[in-house]
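Here the structure is a predicted model, which means the values were calculated and not measured.
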Amino acid sequence: MENYTEGNDFILNAFSDGGKGLNDLNSLIITLTRVIQPSTPMYFLLSNLSLLDFCYSSTTVPKMLKSFLNKPSTITLPACIVQMFMFLTMATSESLLLAVMAYDRYVAICIPLRYVSIMSREVCLQLTSGILLLGCINGAIHTINTFRLPFCGLRILNHFFCDIPPLLKISCIDTYFNEVAVFGLGGVVMFSCFLLICGSYIHILFSVLKLQNGNSRKKALSTCISHLVAVLLFYVSGSLMYLRPKSNLITDKEWVLSIFYTCITPLLNPLIYSLRNKDIQRALTKLLKINH
């Protein structure tokens, strides 16, 4: 094993596959949302979600595929720091953006007459800027706290990218403060966003159930359920990874949880939030006809 590491390098020792085509799909969604009503709040938020997913998957998938082809692989300390910061920034930003998108749908469906004034372009720009700023702050706090720790031994990470839990496991000193910081800050972000999402969709469901048209009600329920499935997949897998008590029960396979929120969720988001949308479908059809 000693041949794998030089200096401050870390060994990434986890096998995984998947993630191909994520960036192409998100790039397509960004293009389509710019073609159709780019000033509409919903499409503005959708394009931002696709951009986040593009950056989010780009921080982990290339290294994951390299690990798949060459197991185990190494990553330098500076690269590890940058990767963790970018990943945490994008993950936090996506969590906050999903909450804002749920609120946007609540305003559009439950109080449509005030939708334009509440979700104006200025408000959307302020929200997305604030989301990115909070993501950067959260990413910086955890990255600094983690890499202030001394690391021991061969620095083998049972993971396919630099993440907080596997790095804490190879620290030479007690990591109680770091675990409290992760649980505290992560818990506040995830649970507050999750509560806002659930509250928004509960109000939406009540409004949908009042619809007289059976087909419209069925379609709206299908959309709400698919959105909630994507949200649950993201938050439940993230919570199990970062907010669970210290345990050895799933230590060897905890990287499997990361597959859900690093690969599967960025893949599902364009399919659920965008490609099911009729305006997006029409724009895609038009784009395909032009290319043909």
> Working to the nearest 0.5 angstrom, can you tell me the gap between L88 CG and C162 SG?
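One finds 10.5 Å between CG of L88 and SG of C162.
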> Which atom pair, heavy atoms only, marks the closest approach of T265 to Y261?
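That closest heavy-atom pairing would be OG1-CA, 3.8 Å.
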> Please check: side-chain N/O of T59 versus main-chain N/O of Y56, any donor-acceptor pairing under 3.5 Å?
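Yes: the side chain of T59 pairs with the backbone of Y56.
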> Write down the atom of I75, the atom of Q83, and the distance for their closest heavy-atom approach.
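Shortest heavy-atom contact: CD1-OE1, 3.7 Å.
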> At what distance, to the nearest 0.5 angstrom, does CZ of R121 lie from OG1 of T40?
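One finds 9.5 Å between CZ of R121 and OG1 of T40.
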> Using 0.5 Å steps for rounding, measure from the CE atom of M101 to the CG atom of L46.
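The CG atom of L46 is 4.5 Å from CE of M101, to the nearest 0.5 Å.
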> Between F85 and G139, which heavy-atom pair has the shortest distance, and what is it?
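In terms of heavy atoms, the two residues are closest at CD1-C, 3.6 Å.
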> Using atom types as modelled and distance alone, determine if a side-chain donor or acceptor of S207 lies under 3.5 Å from a backbone N or O of C110.
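No, S207 side chain to C110 backbone: no donor-acceptor pair under 3.5 Å.
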> Considering only heavy atoms from C-beta outward, does the side chain of F160 approach that of I259 to under 4.5 Å?
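F160 reaches I259 side chain to side chain.
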> Taking all atoms of both residues into account, what is the closest heavy-atom pair of Y106 and S200, and its distance?
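Taking every non-hydrogen atom into account, CB-CB, 3.9 Å.
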> Answer yes or no: is there a side-chain heavy-atom contact under 4.5 Å between L45 and T128?
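Result yes, sub-4.5 Å side-chain heavy-atom pair found.
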> So which atom in F234 and which in A91 form the shortest heavy-atom distance, rounded to 0.1 Å?
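The pair with the smallest heavy-atom distance is CZ-O, 3.8 Å.
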> Is the side chain of D163 donor-acceptor paired with the backbone N or O of P165 at a distance under 3.5 Å, no angle test?
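No; zero donor-acceptor contacts below 3.5 Å.
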> According to a 4.5 Å side-chain heavy-atom criterion applied to Ile, Leu, Val, Met, Phe, Trp and Tyr, with indirect links allowed, do V123 and Y115 form part of one hydrophobic cluster?
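V123 and Y115: one cluster.
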> Hey, what do you get for CG (L97) to CG (N269), rounding to the nearest 0.5 Å?
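So the gap between those two atoms works out to 9.5 Å.
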> Are I202 and V229 joined in one hydrophobic group, where the rule is that I, L, V, M, F, W and Y side chains link up if heavy atoms are under 4.5 Å apart?
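Hydrophobic grouping puts I202 apart from V229.
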> If hydrophobic clusters are built from ILVMFWY residues whose side chains come within less than 4.5 Å, do L125 and Y43 share one?
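Same cluster: L125 reaches Y43 through Ile, Leu, Val, Met, Phe, Trp or Tyr contacts under 4.5 Å.
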> Please tell me whether I111 and L205 are part of a single hydrophobic cluster in this structure, the criterion being side-chain heavy atoms less than 4.5 Å apart.
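Both belong to a single hydrophobic cluster.
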> Do F151 and I173 land in one hydrophobic cluster if side-chain heavy atoms of ILVMFWY residues count as linked below 4.5 Å?
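As far as the 4.5 Å side-chain criterion goes, I173 and F151 are connected within one cluster.
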> Under 3.5 Å, is there a donor-acceptor pair between the side chain of T92 and the main chain of T89?
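The answer is no, because no donor-acceptor pair under 3.5 Å joins these two groups.
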> Could you go through Y103 and I118, starting from their C-alpha distance and side-chain angles, then the distance that decides it, and tell me whether this counts as side-chain contact (heavy atoms from CB on, under 4.5 Å)?
CA-CA 11 Å; Y103 178 72; I118 293 175; 3.9 Å; yes
> Whether the side chain of Y235 engages the backbone of S95 through a donor-acceptor N/O pair (distance < 3.5 Å, no angle test) should be reported.
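It does hold such a pair.
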> Let's go through M86 and C55 carefully: what are the C-alpha distance in whole Å and the side-chain angles of both, what is the deciding distance for side-chain contact (heavy atoms from CB on, under 4.5 Å) to 0.1 Å, and is it a yes or a no?
CA-CA 8 Å; M86 292 300 297; C55 299; 5.5 Å; no
> To the nearest 0.5 Å, what is the distance between OG on S57 and CG on L52?
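The distance works out to 10.5 Å.
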> Would you say that more than 12 heavy atoms from the other residues, nucleotides or ligands in this model lie under 6.0 Å from the CZ of F147, or not?
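Yes, CZ of F147 has more than 12 neighbouring heavy atoms, counting only those of other groups under 6.0 Å.
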> Apply side-chain contact (heavy atoms from CB on, under 4.5 Å) to the pair M84 and L167, showing each step before the final yes or no.
CA-CA 10 Å; M84 177 183 280; L167 282 166; 3.0 Å; yes
> Sequence neighbours left out, what pairs pass side-chain hydrogen bond (donor to acceptor under 3.5 Å, both in side chains) with at least one residue falling in residues 142-152?
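Those involving residues 142-152 are N138-H142.
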> Show your reasoning for whether side-chain contact (heavy atoms from CB on, under 4.5 Å) applies to M42 and M119.
CA-CA 9 Å; M42 181 179 72; M119 298 300 295; over 6 Å; no
> List the atom pairs, with distances to 0.1 Å, where a side-chain N or O of residues 180-199 and a protein N or O form a donor-acceptor pair under 3.5 Å, not counting sequence neighbours.
residue : atom : partner : partner atom : Å
S192    : OG   : V188    : O            : 2.4
S192    : OG   : V189    : O            : 3.1

> Write down the atom of L98, the atom of L49, and the distance for their closest heavy-atom approach.
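Where L98 meets L49 most closely, the heavy atoms are CD2-CD1, 4.2 Å.
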> Look up atom OG1 in T74 and atom CD1 in I156, then write down how far apart they are to the nearest 0.5 Å.
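Going from OG1 on T74 over to CD1 on I156, the span is 12.0 Å.
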> Say whether, by atom type as modelled, one donor and one acceptor occur between the side chain of S171 and the main chain of L168 under 3.5 angstrom.
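Looks like no, no N/O pair under 3.5 Å.
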